[in-house]
Amino acid sequence: MMTKDVAELLKAEILLQEVHLQGWVRTFRSNRFIALNDGSTIKNIQCVIDFENTSEETLKRITTGAAVSVKGTLVESQGRGQSVEIQVKEIEILGDSNPDEYPIQPKKHSFEFLRENAHLRVRTNTFSAVMRLRSKLSFAVHKYFQENGFYYMNAPIITGSDAEGAGEMFRVSTFEPNKAPKTEEGEVDFSKDFFGKETNLTVSGQLEAETYAMGLSKVYTFGPTFRAENSNTTRHLAEFWMIEPEVAFIDLDGNMDLAEDFIKSVLSYVLENCQDDLEFLDQRFAQEEKSKPQQQRSELGLIEKLRFVADNNFKRVSYTEAIEILRNSKPNKKKKFQFPINEWGADLQSEHERYLVEKHFKCPVILFDYPANIKAFYMRLNEDGKTVRAMDVLFPGIGEIVGGSQREERYEVLVEKMKALGIEEEELWWYLDLRKFGTAVHSGFGLGFERLVQFVTGMGNIRDVIPYPRTPQNAEF
Ligand code: 4AD
Ligand code: MG
């Protein structure tokens with residue numbers, strides 16, 4: 001007898017075979033029909049019990065959430081809604097689930113409730129679909145880079161540097177909070193700490209990835225990154241996964257081409273390989289949209305949206321052009337923006353990004369050449385002396401999904417910039433070395449993996465696309 005998973009059985013072409021399967025009961029009705037799910041697919045398989053030959057006690061123990069092992073015959077289904085079903089010959093209850101206590105009932109639960117039960121939520125249709133897609137997307141990311149000559153590079157998670165210079169770091173220390181040794185000046189003496197210096201969890205693997213790009217030419221990182229920013233939004237996590245390609249000998253245009261090609265490729269991959277889950281999420285998305293006021297509804301369905309992005313060119317617009325568009329926009333003139341756009345130099349907020357993408361261009365937008373003073377120190381200065389070769393990719397419903405740039409490869413210009421920002425040369429001596437020994441034009445970007453999963457699954461809150469979200473005041477599980 002073959003042990004098979006539900007996905008395999010639903011595709012099976014040979015009927016009347018004796019099979020063995022295991023999974024969790026989703027529902028049990030009329031003392032006869034089990035909808036069984038093992039997570040291999042969004043679909044349940046119907047297992048039909050011969051209740052006359054099944055003990056009363058066993059029937060009682062077949063409850064939502066119970067783990068069961070089933071042996072039986074795969075037959076063409078008598079009922080509607082499924083092609084095959086299992087005629088059960090033998091059922092064993094592997095693990096009971098008390099129906100009065102099990103939180104996941106066969107009804108609609110709110111996402112807030114399911115976040116509090118994050119250890120069980122993967123047993124629902126929505127979360128299993130999201131997490132299967134998350135896994136497939138990770139594979140698509142590696143596939144894209146591996147097939148295009150990139151090497152996977154693991155940047156350190158513990159580091160002494162602040163790549164983004166925003167100071168939003170989680171400290172790593174083995175000191176007892178109140179017993180840290182002090183210097184003569186009364187400051188905490190980090191020279192006595194584990195690493196002999198101040199260290200933190202990385203906010204980005206970029207700086208280390210750059211060192212590898214300057215030897216392997218094309219590399220990418222895909223790992224966890226950490227930001228202690230107190231942002232309680234639907235798009236921010238304190239711990240998130242970032243994909244950071246870094247490439248020698250390409251400039252900003254090449255970088256934009258890479259970002260666009262990469263995103264389109266992973267979207268095409270899931271469109272081709274994850275149809276069942278996407279169709280389920282597409283329906284969920286459509287229902288969700290119905291409950292919104294007309295003006296806020298998405299014009300396209302979820303799958304349509306993915307196809308649209310995969311098949312159409314992203315619009316490339318300079319920051320300066322974008323400011324003009326925003327300045328003359330209706331919401332700006334009618335004072336509808338929380339942060340009005342008055343002049344060149346303003347930092348763009350998510351309301352502005354979403355206006356450009358959703359209302360003005362109605363497609364993904366790549367903004368480039370931002371003012372130097374609103375971007376990180378490592379971006380290459382343009383000839384105008386006031387803008388840098390930065391780029392952000394903006395997506396409908398998400399806002400910024402990618403941030404990247406051409407890097408400053410000129411030693412003197414970089415040192416000057418670091419001085420102006422008060423970044424110690426001694427701290428980044430190795431980063432500066434790259435500009436001393438065989439420096440070259442190079443570029444890269446970072447894509448927030450959870451924002452990509454959000455876009456693909458249509459989930460409104462980033463907390464619902466990572467197994468265990470870490471956000472301010474929350475590190476349960
Ligand atoms: O724009 P960011 O800060 O860029 C960097 O870190 C660069 N060092 C990347 C590079 O050039 N190699 O972050 C990159 C992306 C953002 O566009 C966003 O998608 C995501 O990371 N991101 C977050 N995602 C979830 N929660 C947060 N708190 C995020 N902060 C950034
Ligand atoms: Mg950014």
Side-chain angles (χ1 to χ4, degrees), residues 134 137 141 145 150 153 155 159 161-170 201-213 218-247 250 252 255-256 258-259 262-263 319 347-350 352-353 357 364-368 370-371 374-380 388-395 397-408 428 431 442-456 459 461-466 469-472 474:
R134 185 182 164 106
L137 274 168
V141 166
F145 288 120
F150 285 73
M153 182 259 177
T159 164
S161 56
D162 176 9
E164 292 305 298
E168 294 163 333
M169 295 167 304
F170 290 100
L201 295 177
T202 189
V203 297
S204 156
Q206 178 196 322
L207 305 191
E208 291 88 354
E210 279 186 55
T211 66
Y212 265 61
K218 292 160 89 171
V219 299
Y220 69 105
T221 73
F222 185 1
T225 48
F226 307 85
R227 297 198 183 174
E229 52 187 329
N230 200 3
S231 302
N232 257 305
T233 78
T234 54
R235 302 176 313 120
H236 288 89
L237 291 166
E239 176 181 296
F240 64 99
W241 287 65
M242 197 168 10
I243 296 147
E244 296 183 273
E246 192 69 35
V247 189
I250 69 164
L252 192 70
N255 204 24
M256 292 196 262
L258 175 65
F262 163 61
I263 294 175
Y319 167 91
D347 202 354
L348 299 185
Q349 306 295 327
S350 98
H352 309 129
E353 297 175 341
V357 173
V365 171
I366 311 184
L367 287 190
F368 61 91
Y370 281 74
I374 58 171
K375 289 290 182 187
F377 75 95
Y378 50 70
M379 298 187 181
R380 192 181 199 279
V388 285
R389 302 246 77 190
M391 63 159 204
D392 277 6
V393 181
L394 312 179
F395 258 37
I398 304 284
E400 180 192 334
I401 192 162
V402 163
S405 65
Q406 184 174 327
R407 319 306 188 189
E408 184 55 77
L428 288 178
Y431 190 70
H442 63 289
S443 304
F445 63 82
L447 176 137
F449 185 54
E450 283 73 22
R451 291 193 187 171
L452 177 68
V453 182
Q454 262 191 293
F455 182 71
V456 167
M459 297 296 278
N461 194 320
I462 200 165
R463 294 167 173 85
D464 297 330
V465 299
I466 187 166
R470 267 73 180 105
T471 51
N474 170 40

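Remember, it's 1-based here, ligands and their atoms both numbered in the order they're listed.
- Protein N/O/S atoms closer to the Mg ion (ligand 2) than 2.8 Å number 1 in this structure.
- For the atom pair CD1 of Ile401 and CG of Leu394, the computed distance is 10.0 Å after rounding to the nearest 0.5 Å.
- At least one side-chain heavy atom of Phe368 sits under 4.5 Å from a side-chain heavy atom of Arg389.
- Contacts of Phe455 classified as ring pair (Phe, Tyr, Trp, His ring centres under 6.0 Å), with partners at least two apart in sequence or in another chain: Phe395.
- Note on residues 232-246: pairs passing salt bridge (Lys or Arg N to Asp or Glu O under 4.0 Å), not counting sequence neighbours, are Glu246-Arg407.
- Looking only at side-chain heavy atoms (C-beta outward), Asp392 and Leu348 stay at 4.5 Å or farther from each other.
- Residues Tyr378 and Glu210 bring no donor and acceptor atom of their side chains to less than 3.5 Å of each other.
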N or O contacts of ligand 1 with protein under 3.5 Å, please list pair by pair.
{"residue": "ligand 1", "atom": "1 (O)", "partner": "Glu400", "partner atom": "OE2", "Å": "3.0"}
{"residue": "ligand 1", "atom": "3 (O)", "partner": "Arg227", "partner atom": "NH1", "Å": "2.8"}
{"residue": "ligand 1", "atom": "3 (O)", "partner": "Arg227", "partner atom": "NH2", "Å": "3.2"}
{"residue": "ligand 1", "atom": "6 (O)", "partner": "Glu164", "partner atom": "OE2", "Å": "3.3"}
{"residue": "ligand 1", "atom": "6 (O)", "partner": "Arg227", "partner atom": "NH2", "Å": "2.8"}
{"residue": "ligand 1", "atom": "8 (N)", "partner": "Glu164", "partner atom": "OE2", "Å": "2.6"}
{"residue": "ligand 1", "atom": "8 (N)", "partner": "Ser204", "partner atom": "OG", "Å": "2.9"}
{"residue": "ligand 1", "atom": "8 (N)", "partner": "Gln206", "partner atom": "OE1", "Å": "2.7"}
{"residue": "ligand 1", "atom": "8 (N)", "partner": "Tyr378", "partner atom": "OH", "Å": "3.4"}
{"residue": "ligand 1", "atom": "11 (O)", "partner": "Gln206", "partner atom": "OE1", "Å": "3.3"}
{"residue": "ligand 1", "atom": "11 (O)", "partner": "Arg407", "partner atom": "NH1", "Å": "3.3"}
{"residue": "ligand 1", "atom": "11 (O)", "partner": "Arg407", "partner atom": "NH2", "Å": "2.9"}
{"residue": "ligand 1", "atom": "12 (N)", "partner": "Glu244", "partner atom": "OE2", "Å": "2.7"}
{"residue": "ligand 1", "atom": "12 (N)", "partner": "Arg407", "partner atom": "NH2", "Å": "3.4"}
{"residue": "ligand 1", "atom": "12 (N)", "partner": "Phe445", "partner atom": "O", "Å": "3.4"}
{"residue": "ligand 1", "atom": "17 (O)", "partner": "Glu400", "partner atom": "OE2", "Å": "2.6"}
{"residue": "ligand 1", "atom": "17 (O)", "partner": "Ile401", "partner atom": "O", "Å": "3.4"}
{"residue": "ligand 1", "atom": "17 (O)", "partner": "Gly403", "partner atom": "N", "Å": "3.4"}
{"residue": "ligand 1", "atom": "19 (O)", "partner": "Ile401", "partner atom": "O", "Å": "2.8"}
{"residue": "ligand 1", "atom": "19 (O)", "partner": "Gly448", "partner atom": "N", "Å": "3.2"}
{"residue": "ligand 1", "atom": "26 (N)", "partner": "Leu237", "partner atom": "N", "Å": "2.9"}
{"residue": "ligand 1", "atom": "28 (N)", "partner": "Glu229", "partner atom": "OE2", "Å": "2.9"}
{"residue": "ligand 1", "atom": "28 (N)", "partner": "Leu237", "partner atom": "O", "Å": "3.0"}

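- The shortest non-hydrogen separation linking Val247 to Lys218 is CG1-CG, 3.7 Å.
- Below 30°, between 30° and 60°, or above 60°: for Phe377 and Tyr431 the angle between ring planes is above 60°, a perpendicular geometry.
- Just one residue in the list Phe449, Phe150, Phe262 forms a ring pair (Phe, Tyr, Trp, His ring centres under 6.0 Å) with Phe222, and that residue is Phe449.
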